[in-house]
Chemist: 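What follows is a structure written as structure tokens; I'll ask about it next.
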Amino acid sequence: MGSFDYDLVVIGGGSGGVRAARFSAAAGARVAIVEERDWGGTCVNVGCIPKKLFGYAAHYSEEFRDARRFGWSSMEPRFDWPTLRDNKTAEITRLNGIYVNMLKDAGCSVLEGRARLAGPHEVDINGQRFRTANILVATGGWPYVPDIPGRDHAITSNECFFLDELPRSIVIVGGGYIAAEFAGIFHGLGVEVTQLYRGELFLRGFDDDIRRHLAGEMRTKGIDLRFSSDVAAITRTNGGFSVSLTDGVSLDTGLVMYATGRRPLTSGLGLEEAGVAVNNNGTIPVDDHFRTNVPSVFAIGDVLGRLELTPVATTEGMAVAATLFGDGPKSVDYTNIPSAVFSQPELATVGLTESEARRQYADGVDIYMARFRPLRHTISLNEEKTLMKLVVASATDRVVGVHMVGEDAAEILQGLAVALKAGATKADFDATVGIHPTSAEEFVTMRQKAA
Ligand code: NDP
């Protein structure tokens, strides 16, 4: 290793890259990490963290209303967007600093600028060449907007965190995580929201009952959720934008946001020149240990096009650190990875959907379901309903899927993900004593099969 400046150069200071750099340095490696934008990547700057903060803000509008029947009265609440936006930005700036300090404390060289592979063991950073034993590509992704007339009028999740002012209305295009989350956020902040999805039911890949239930809840709250609806063109008008749909309908709106997926940020990195294979869609193929076809170059996170989730990227980052500088090759188990859509109400899930389980288990599956009004809303009279669902493999009694729409769904499902990972059976769920009164206790008191 003597002729190398570093044992590892990490390109990309997002969740995955930072974790890999810190764990590699902690194992004694000489590590440099380079970032061209903001430390912490998508999650910290234009993703999970600011989105969750905005979600809290959006929730207050309902909570002020719910509080009245609990005896609280106050002046009519008024929302000030710049206060939220700027407090959020201050918190993110604080986190950016924490990331840099964590890296420096771990002993990493922290570099800012544009990096480019100049060979299997060489990285060019701001025109300076470094020789390194290994390179890790963790450059993440970028919002994708389809090529429709007027696409430049649309914002994406990158811009919505920094708007000068809130629009009176917004059209959100897409039916995935980001579209569902921002429909709830903007609606809660008082914006009139229309969400358009091209297919018959949004959140493709999630359990059908859960998708239908969330759609109903979002509509009850007042979101104009339209399926089988696609955009033909966007034009600017006096007061905002006109969105023409392929079925001839036209919508006037203050803002258009596209949330139609993300693409890996892998072009212009010198990958091809260094001999690293790249798929047609820009993702990087790797083996079980995140090694590309070039043995000294590794890749993790959103550039793989697998599960675009922060905890997945950090797990992959730790696997690379262990493989290179720990006690041998490590891979990642992608089964039973829980995830949540921070819609309003929240959706969370782990394991198989009912239809996946029916395909996978020839001996059949048992379904348990509970749909109820949470205790809090018996007084608030908020119409929000919770749905919980268990999918059980009949032959083994193993719980193979847990799904929920409702308050604190993500917090509840994190614990149940441990149960699934540990192979819990329905009998184990039944033998667990509930915590009363909670919504979560429903998961251990479902006795009646729904199917
Ligand atoms: P998703 O992949 O979740 O959803 C993309 C949506 O856009 C789908 O509904 C898709 O439809 C639709 N779409 C794709 N192309 C077009 C098109 N040309 N015209 C119209 N609609 C289109 O992507 P997001 O952008 O919402 O989020 C990106 C990723 O980030 C997520 O997949 C997730 O992994 C991650 N994320 C995770 C969060 C969390 O953990 N809470 C929060 C936010 C993001 P169809 O289904 O028909 O293909």
Side-chain angles (χ1 to χ4, degrees), residues 14-16 41-55 140-151 154-161 171-185 194-206 208 210-211 214-215 218 225-234 243-247 256-265 281-283 301-316 334 337-350 353 404-405 409-411 413-414 417:
S15 309
T42 302
C43 173
V44 167
N45 295 283
V46 286
C48 327
I49 302 298
K51 175 276 307 287
K52 188 98 193 262
L53 294 173
F54 280 9
W142 199 253
Y144 155 78
V145 180
D147 193 12
I148 48 129
R151 73 196 282 268
I155 63 158
T156 68
S157 53
N158 278 354
E159 292 77 42
C160 64
F161 293 103
V171 169
I172 300 178
V173 184
Y177 283 80
I178 296 177
E181 291 180 345
F182 273 92
I185 287 170
T194 305
Q195 184 184 343
L196 309 176
Y197 172 56
R198 63 180 175 181
E200 283 174 11
L201 183 60
F202 70 171
L203 293 168
R204 186 164 59 84
F206 289 88
D208 289 346
I210 291 290
R211 295 161 76 194
L214 179 62
M218 288 172 65
L225 183 53
R226 301 187 189 191
F227 297 149
S228 304
S229 195
D230 213 354
V231 176
I234 308 168
V243 180
S244 318
L245 307 184
T246 46
D247 62 6
V256 184
M257 174 178 173
Y258 261 75
T260 42
R262 296 170 61 84
R263 294 287 180 273
L265 267 178
N281 64 2
T283 57
D302 289 0
V303 296
L304 303 185
R306 294 181 179 172
L307 289 172
E308 296 166 61
L309 300 171
T310 292
V312 171
T314 53
T315 306
E316 293 168 348
Y334 290 94
I337 290 177
S339 83
V341 180
F342 291 97
S343 45
Q344 302 200 11
E346 221 163 88
L347 179 164
T349 182
V350 60
T353 65
M404 174 173 174
V405 175
E411 301 287 351
L413 265 280
Q414 181 68 79

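Numbering of ligands and ligand atoms starts at 1, following listing order.
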Chemist: Identify the closest protein heavy atom to atom 1 (P) of ligand 1: which residue and atom is it, and at what distance?
Modeler: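 I find the closest protein heavy atom is Gly176 CA, 4.0 Å.
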
Chemist: Atom 44 (C) of ligand 1: which protein heavy atom is closest, and how many Å away?
Modeler: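 In this structure, atom 44 (C) of ligand 1 has Ile178 CG1, 3.5 Å as its nearest protein heavy atom.
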
Chemist: For atom 32 (O) of ligand 1, which protein heavy atom lies nearest, and how many Å away is it?
Modeler: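 So the nearest neighbour among protein heavy atoms is Tyr177 CD1, 3.8 Å.
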
Chemist: Below the 3.5 angstrom mark, is there an N/O of Val341, backbone or side chain, next to an N/O of ligand 1?
Modeler: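 The answer is no, given that Val341 and ligand 1 share no N or O pair closer than 3.5 Å.
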
Chemist: Taking side chain to side chain donor-acceptor pair (under 3.5 Å) as the definition, give me every residue that meets it alongside Asp208, ordered by chain and number, with sequence neighbours left out.
Modeler: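 For Asp208 the side chain to side chain donor-acceptor pair (under 3.5 Å) partners, ignoring immediate neighbours, are Arg211.
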
Chemist: Quick check for you: to the nearest 0.5 Å, what is the distance between Thr246 atom OG1 and Arg198 atom CZ?
Modeler: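 One finds 11.5 Å between OG1 of Thr246 and CZ of Arg198.
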
Chemist: Which atom names give the shortest non-hydrogen contact between Phe202 and Ala180, and what distance separates them?
Modeler: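 Taking every non-hydrogen atom into account, CE1-CB, 4.5 Å.
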
Chemist: Which of these, Gly261, Gly175, Ala180, has its nearest heavy atom closest to atom 25 (O) of ligand 1?
Modeler: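 The option holding the nearest heavy atom is Gly261.
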
Chemist: Please find the pair of heavy atoms, one from Ser157 and one from Arg262, that lie closest to each other, and give the distance.
Modeler: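 Scanning both residues completely, I find the closest heavy atoms to be OG-NH1, 4.2 Å.
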
Chemist: Can you tell me the protein heavy atom closest to atom 16 (C) of ligand 1 and the distance?
Modeler: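 Checking every protein heavy atom, the shortest distance to atom 16 (C) of ligand 1 gives Arg198 NH1, 3.3 Å.
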
Chemist: Of the side chain and backbone of Leu309, name the one, both, or neither that has a heavy atom under 4.0 Å from an atom of ligand 1.
Modeler: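 For Leu309, only side-chain atoms sit under 4.0 Å from ligand 1.
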
Chemist: Where's the contact between Tyr197 and ligand 1, heavy-atom distance under 4.0 Å: side chain, backbone, both or neither?
Modeler: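 Only the side chain of Tyr197 comes within reach of ligand 1.
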
Chemist: For Pro146, counting its heavy atoms only, list the atoms of ligand 1 lying under 4.0 Å from any of them.
Modeler: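 This gives 17 (C), 18 (N), 19 (N) as the contact atoms.
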
Chemist: Kindly indicate, with the supporting measurements, whether the criterion side-chain contact (heavy atoms from CB on, under 4.5 Å) is fulfilled by Tyr197 and Arg204.
Modeler: CA-CA 10 Å; Tyr197 172 56; Arg204 186 164 59 84; 4.2 Å; yes

Chemist: Taking all heavy atoms of Ile148 and all of Ala232, pick out the closest pair and write down the distance.
Modeler: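 Heavy-atom minimum between the residues: CB-O, 4.0 Å.
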
Chemist: Tell me the nearest of Ala340, Gly205, Ala410 to atom 41 (N) of ligand 1, using heavy-atom distances.
Modeler: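 Looking at heavy atoms only, the winner is Ala340.
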
Chemist: Mark up the atoms of ligand 1 that fall under 4.0 Å of a heavy atom belonging to Lys51, in ascending order.
Modeler: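 Listed by number with element: 41 (N), 42 (C).
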
Chemist: Of Arg262, Arg204, Glu346, which has the heavy atom at the shortest distance from atom 28 (C) of ligand 1?
Modeler: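 That would be Arg262.
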
Chemist: Is ligand 1 less than 4.0 angstrom away from at least one heavy atom of Ser339?
Modeler: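 Checking ligand 1 against Ser339, which is what was asked, there is no heavy-atom contact under 4.0 Å.
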
Chemist: Relative to the ring of Phe182, is the ring of Phe54 parallel (under 30°), tilted (30 to 60°) or perpendicular (over 60°)?
Modeler: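 Taking Phe182 first and then Phe54, their aromatic rings stand perpendicular (interplane angle over 60°).
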
Chemist: Can you tell me the protein heavy atom closest to atom 7 (O) of ligand 1 and the distance?
Modeler: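 Answer, as residue, atom name and distance: Thr260 CA, 3.2 Å.
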
Chemist: Please enumerate all residues that pass side chain to side chain donor-acceptor pair (under 3.5 Å) together with Glu411, with sequence neighbours excluded.
Modeler: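 Glu411 satisfies side chain to side chain donor-acceptor pair (under 3.5 Å) with no other residue.
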
Chemist: Decide yes or no on side-chain contact (heavy atoms from CB on, under 4.5 Å) for Asn158 and Trp142, but give the supporting numbers first.
Modeler: CA-CA 8 Å; Asn158 278 354; Trp142 199 253; 3.3 Å; yes

Chemist: Give the atom numbers and elements of ligand 1 that come within less than 4.0 Å of a heavy atom of Glu308.
Modeler: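 With Glu308 as reference, the close atoms of ligand 1 come out as 29 (C), 30 (O), 33 (C), 34 (O), 35 (C).
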
Chemist: Check whether more than 12 heavy atoms from other residues, nucleotides or ligands sit under 6.0 Å from atom CD of Gln414, and answer yes or no.
Modeler: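 No, because the 6.0 Å sphere around CD of Gln414 holds 12 heavy atoms or fewer from other groups.
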
Chemist: Considering non-hydrogen atoms of the protein only, which is the closest contact for atom 42 (C) of ligand 1, and what is the distance?
Modeler: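 Minimum-distance protein heavy atom for atom 42 (C) of ligand 1 reads Glu181 OE1, 3.2 Å.
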
